[in-house]
Undergrad: 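Here it is, the structure, as structure tokens.
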Amino acid sequence: MTSRSRLRAAAVGVAAACIALLAPSGALAAPLGDAMVNGGTQAREYIALGDSYSSGFGLVPFSEEPAAGCFQALANYPHRVADSLGLALDDRTCSGAVTADIRDTEQVTASGANAPVQSASLSATTEFVTLSIGGNDLEFSDIAASCVAASSLGPLVADQTVPNCRSQYVVDGGGVEVDALKDRIDSLIAPALASTFALIAEKAPNADIVVVGYPAITPDPTNTPVGGCFSPAFTSAGYPENSFPFTDVDTAYLHETEVHLDEAIKTAAEASGATFISTLKATSAHSACSTTAPYMNGITAEPGEGASTTPGAALKLGALHPNEAGVAYLAETVGAKLQALLEPGTPETTTPTPTATATATATDQPTDTAATTATPAAPLVIAGVLVLGGAGIATTIILRRRSAAARSPLEHDTEV
């Protein structure tokens, strides 16, 4: 096998591993009735709901709450906010969650465990609810897999006949561009968000509900470097840390998609009476493209299992998710909002924005604690096996999905 063939095979492995980015929650707080603050008064009830951006996917150590495979970090933003404000936290966040998992469906996690329906934790005694949801309904993991490129100009590593992934999702509809992702957001995700937020308001009628938008994965035009963001996920020397392997076209396109999703979440949240916090604009200078102060991890691959002709690649925990600085920012922002709700009339203030390094601390190895059940890379390898069955199958899945999208851009897959 030639050096060029090995590099291409490894690149396909990276693209395959990306499928598990979002498909793959600290320990639950003490029982709510027993939770006390200083002075012996009962703490106020706080329920955290949502997906990997709430659960702290990528930070270690993580627990097996509410189920194995949720990757709920002991220091995610709900835990930090609860500790800071003295709230009694029931953390139901779970990586890979979709809106149905909050409403009425038990989520099957990357480890094969069943996580309880998240909204079952809500009641008339609930006083605060926070959540982030919608990204997995969009199937962003599949999108990320389809967009991994060989250079800033393309082509895609999984199909070298395709220059960028925008060309797969935006098609000519009789002289008018039809964007399959925007259509999915408008026709499928927006209604799902509306019903989810309405159900939360119904189940927790006395709660202040705060919906937290997703931070920027890709930069806006103002914060995109003149030379672009691209950095390869693989080189002849190995796998670079925190790469950004997306073309210039797709960097802009993915950000446009993030903006559209953010607007849909905002509209649905405010229509239900919830408070919406948009973090997209404030974090655009700290996206995975940033090499000086990122709040988001890039893609870091490492050798994994694979056949001799198709070596695989595992992803370090937390790819395209908030790093330590990003979670600190979310904790400060959400904490300020809940503080203002606790004490009406007080101005919302946050501490100075944290400084991050280009190498994310969220991917460090976990310490040996009772709550830690696996090394950071292992869950991604397991998830890849469960979902894909190997790098060769992964390539087939990527190409099949791409062909299906070309045939029917409005078709919605339900794979978690």
Side-chain angles (χ1 to χ4, degrees), residues 21-25 47-57 66-67 69-72 76-78 90-110 113-122 126 129-144 180-204 207 209-215 217 257-280 321 334 410-416:
L21 284 179
L22 300 184
S25 331
I47 309 294
L49 310 175
D51 56 23
S52 52
Y53 281 74
S54 295
S55 74
F57 177 65
C70 281
F71 300 101
Q72 190 186 95
N76 62 14
Y77 83 72
D90 186 355
D91 191 348
R92 298 301 180 99
T93 60
C94 186
S95 297
V98 296
T99 50
D101 300 322
I102 291 181
R103 293 193 307 271
D104 54 21
T105 304
E106 285 193 356
Q107 178 185 348
V108 179
T109 72
N114 290 330
V117 175
Q118 292 190 26
S119 64
S121 59
L122 302 172
T126 304
V129 178
T130 62
L131 75 154
S132 296
I133 200 70
N136 291 324
D137 293 70
L138 184 57
E139 298 177 338
F140 196 83
S141 55
D142 284 355
I143 296 169
L181 297 186
K182 289 182 179 178
D183 181 80
R184 182 179 295 177
I185 291 171
D186 294 340
S187 63
L188 296 172
I189 299 175
L193 291 168
S195 61
T196 300
F197 299 154
L199 179 68
I200 292 171
E202 178 184 340
K203 284 180 167 287
I209 301 167
V210 178
V211 177
V212 184
Y214 294 100
I217 297 173
T257 304
E258 289 184 82
V259 170
H260 199 70
L261 178 61
D262 193 64
E263 292 171 347
I265 298 172
K266 178 179 186 291
T267 298
E270 293 181 345
S272 72
T275 297
F276 178 70
I277 299 176
S278 178
T279 65
L280 189 62
H321 280 71
V334 176
L410 305 186
E411 181 181 357
H412 176 63
D413 296 325
T414 57
E415 180 183 286
V416 176

Undergrad: Ignoring hydrogens and angles, tell me if any N or O in the side chain of Asn136 forms a donor-acceptor pair with the backbone of Val98 under 3.5 Å.
TA: no

Undergrad: From Leu138 CG over to Ile189 CD1, what is the distance, rounded to the nearest 0.5 angstrom?
TA: 4.5 Å

Undergrad: Of all heavy-atom pairs between Phe71 and Ser95, which one has the smallest distance, and what is that distance?
TA: CB-OG, 3.9 Å

Undergrad: Rounded to the nearest 0.5 Å, how far apart are CD1 of Ile143 and CD of Glu139?
TA: 7.5 Å

Undergrad: Listing request: all side chain to side chain donor-acceptor pair (under 3.5 Å) pairs with a residue in residues 190-204, at least two apart in sequence or in separate chains.
TA: Arg103-Thr196

Undergrad: In Å and rounded to the nearest 0.5 Å, what is the CG to CZ distance from Asp51 to Phe140?
TA: 12.5 Å

Undergrad: In terms of side-chain heavy atoms, does Ser121 have a donor or acceptor partner in Asp90 at a distance below 3.5 Å?
TA: no

Undergrad: For residues Phe197 and Ile265, determine if any side-chain heavy atom of one lies less than 4.5 Å from a side-chain heavy atom of the other.
TA: yes

Undergrad: Check Thr126, Ile209, Asp91 against Ile47 for a side-chain contact (heavy atoms from CB on, under 4.5 Å) and give me the one that passes.
TA: Thr126

Undergrad: Please determine which of Val211, Ile133, Thr130, Leu131 meets the side-chain contact (heavy atoms from CB on, under 4.5 Å) test together with Leu49.
TA: Leu131

Undergrad: When rounded to the nearest 0.5 angstrom, what distance separates CG in Leu193 from NZ in Lys266?
TA: 14.0 Å

Undergrad: Please report the interatomic distance CG(Leu280) to CD(Glu263), rounded to the nearest 0.5 Å.
TA: 9.0 Å

Undergrad: How about Cys94 and Gln118: do any of their side-chain heavy atoms sit closer than 4.5 Å?
TA: yes

